[in-house]
2 protein chains.
Amino acid sequence: MSEIERYAGYQLRRVSLLAMTDLGRALAKLDLRVVEASVLFQIAAQPNITSSEVGRALGIKRANMAPLVAGLSNKGYVQSKPRDGRSQGLSLTEEGLRISDAARQLVAEEEARFFGGLTDAEQRQLLSLLKRVREHNTEDNQ
Amino acid sequence: MSEIERYAGYQLRRVSLLAMTDLGRALAKLDLRVVEASVLFQIAAQPNITSSEVGRALGIKRANMAPLVAGLSNKGYVQSKPRDGRSQGLSLTEEGLRISDAARQLVAEEEARFFGGLTDAEQRQLLSLLKRVREHNTEDNQ
DNA sequence: TATTGTTATACTCTATAACTATA
DNA sequence: TATAGTTATAGAGTATAACAATA
């Protein structure tokens, strides 16, 4: 086994890349990118959320949220209404809700398939380890 | 906890991104990018390896290896000599060996710090789970 | 003063296609 | 025919800087 394969950071990167390309392929059926789906989920979970808040939750910079939300609005999935003079509250349209639910279904299937080589207990453990590593390395970047 | 946080795939992506930006910051001290360091490690581990072989080992497309190797050659870290009429065997120069060792040191430190919130047993388990997931999802892409 | 939303911009990474030369 | 190496190019993703408007 090559030296580099022993780095957990390297395995993380390879597995993450695999997962994202796989998920991307699945979501392409809905003409959605992974980031777009994650934004839809966040808006669905928290209607009237602002673009900046979505960005903070998902680790996406404000500057990159603008074209993302514009794209989803153009597709008719997201609507906004003023919350105050400078903030826009985002919510899903009916079509946005439908596509979001379809995406959620695809993501669930992909997850089950992708991590299907692990037992349920191992999947829970992986999730737990990942979250702990993430917390250990989050001094609130962004 | 937000729904999306329960997806192992999502945690994978967030943790991997964190790890790569952190490692990138560390390697910037050597004016090296993460990919460049991984290529140096691969060449160090297997002198006289070809560009295509490095690409296959690291999941980098042939087309993207060309500018990578050219950059490392320009920096004086990598030298090539013909293996046959179409293949070039790559090896590290003395300077390349020095920078590669320095990078290895930084990577080791970064790994220790990044995964320092886990016990040694947990780190081994994370590595093992990641490798199993990767194997389960590798029908030799590329 | 800080925050929201936006525009412009640049860099990295990844991917495809097409080509030459060699095995 | 398949492989090695290269070039050109395009699309994502991410990052910084700067600005106007509002809190």
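Remember, predicted model here, so these are calculated numbers, not experimental data. A, B, ... follow the sequence lines: proteins, then strands. Residue 1 opens every chain.
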Visitor: Expressed as a whole number of angstroms, how long is the span from E36(B):CD to dC11(C):P?
Guide: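 Computing the E36(B):CD to dC11(C):P distance gives 15 Å.
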Visitor: Taking the side chain of R33(A) as its heavy atoms from C-beta onward, which of dG13(D), dT14(D), dT6(C) lies nearest to it?
Guide: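 Nucleotide nearest to R33(A)'s side chain: dG13(D).
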Visitor: If you go through the side-chain atoms of R86(A), does one of them form a donor-acceptor pair with the base of dT4(C) closer than 3.5 Å?
Guide: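 No, no donor-acceptor pair under 3.5 Å.
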Visitor: Side chain of R62(B), base of dG5(D): donor and acceptor closer than 3.5 Å?
Guide: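 Yes.
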Visitor: Let me know the distance between CG of L27(B) and P of dC13(C), rounded to the nearest Å.
Guide: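 After rounding, the reported distance stands at 11 Å.
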Visitor: For the pair made of CD1 in I60(A) and C1' in dT4(C), what is the distance, rounded to whole Å?
Guide: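 For the pair I60(A) CD1 and dT4(C) C1', the rounded distance is 16 Å.
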Visitor: Before you tell me yes or no, could you show the steps for Q11(B) and R134(A) under side-chain hydrogen bond (donor to acceptor under 3.5 Å, both in side chains), namely the whole-Å CA-CA distance, both residues' side-chain angles and the distance that decides it to 0.1 Å?
Guide: CA-CA 8 Å; Q11(B) 297 295 342; R134(A) 197 173 146 208; 2.9 Å; yes
Visitor: Tell me whether the side-chain N/O atoms of R56(A) come closer than 4.0 Å to OP1 or OP2 in dT4(C).
Guide: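 Looking at the OP1 and OP2 atoms of dT4(C), one of them is under 4.0 Å from a side-chain N or O of R56(A).
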Visitor: Output the single nucleotide from dT14(C), dG5(C), dA4(D) whose closest atom is nearest the side chain of L17(A).
Guide: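 Shortest atom-to-atom distance from the side chain points to dT14(C).
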Visitor: Would you classify R13(B) as touching base, sugar-phosphate or nothing, given that sugar-phosphate means primed atoms plus P, OP1 and OP2, and contacts are heavy atoms under 4.0 Å?
Guide: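 Sugar-phosphate contact only - R13(B) comes under 4.0 Å of backbone atoms but never of a base.
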Visitor: Would you kindly give the CE-to-P distance between M20(B) and dT14(C), to the nearest whole Å?
Guide: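 So the two atoms are 11 Å apart, to the nearest Å.
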Visitor: Are any side-chain N or O atoms of N64(B) and backbone N or O atoms of I60(B), one a donor and one an acceptor, separated by less than 3.5 Å?
Guide: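 No, N64(B) side chain to I60(B) backbone: no donor-acceptor pair under 3.5 Å.
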Visitor: Expressed as a whole number of angstroms, how long is the span from K61(B):NZ to dT12(C):C1'?
Guide: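 One finds 16 Å between C1' of dT12(C) and NZ of K61(B), rounded.
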Visitor: Less than 4.0 angstrom between a side-chain N/O of S52(B) and OP1 or OP2 of dG5(D), yes or no?
Guide: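 Yes, such a contact exists.
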Visitor: Let me know, please, whether A66(A) or G85(B) comes out on the 5' side of the other along DNA chain C by nearest nucleotide.
Guide: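 This one resolves to A66(A).
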Visitor: Are S87(B) and dA4(D) close enough that a side-chain N or O sits under 4.0 Å from OP1 or OP2?
Guide: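 Negative; the distance criterion is not met.
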Visitor: Where the side chain of E36(B) meets the backbone of L72(B), is there a donor-acceptor pair that is under 3.5 Å apart?
Guide: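 No, the answer is negative, given that no donor and acceptor are paired below the 3.5 Å cut-off.
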Visitor: If each of S51(A) and N64(A) is mapped to the nucleotide of DNA chain C with the nearest heavy atom, which maps nearer the 5' terminus, i.e. the 5' end?
Guide: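 Per heavy-atom nearest nucleotide, the more 5' residue is S51(A).
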Visitor: Could you tell me whether a side-chain N or O of E122(A) sits under 3.5 Å from a main-chain N or O of T119(A), the two making a donor and an acceptor?
Guide: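 Such a contact is found between E122(A) side chain and T119(A) backbone.
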Visitor: In whole angstrom, what separates L68(B)'s CG from dT6(D)'s P?
Guide: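 Result: 12 Å.
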Visitor: Does A63(B) reach a base, just sugar-phosphate, or nothing at all? Heavy atoms under 4.0 Å.
Guide: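 Base, at least one base atom sits under 4.0 Å.
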Visitor: Specify the closest pair of heavy atoms between F115(B) and Q123(B), including all atoms of both residues, with the distance to one decimal.
Guide: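 Closest pair (atom of F115(B), atom of Q123(B), distance): O-NE2, 2.9 Å.
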Visitor: For a quick check, tell me whether the side chain of D84(B) and the base of dA4(D) share a donor-acceptor pair closer than 3.5 Å.
Guide: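 By the distance-only test, no, there is no pair.
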Visitor: Roughly how many Å is it from CD in Q88(A) to P in dA21(D), rounded to a whole number?
Guide: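 It works out to 15 Å between those atoms.
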Visitor: Distance check needed: dA12(D) P versus L32(A) CG, whole Å only.
Guide: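 After rounding, the gap between these two atoms is 13 Å.
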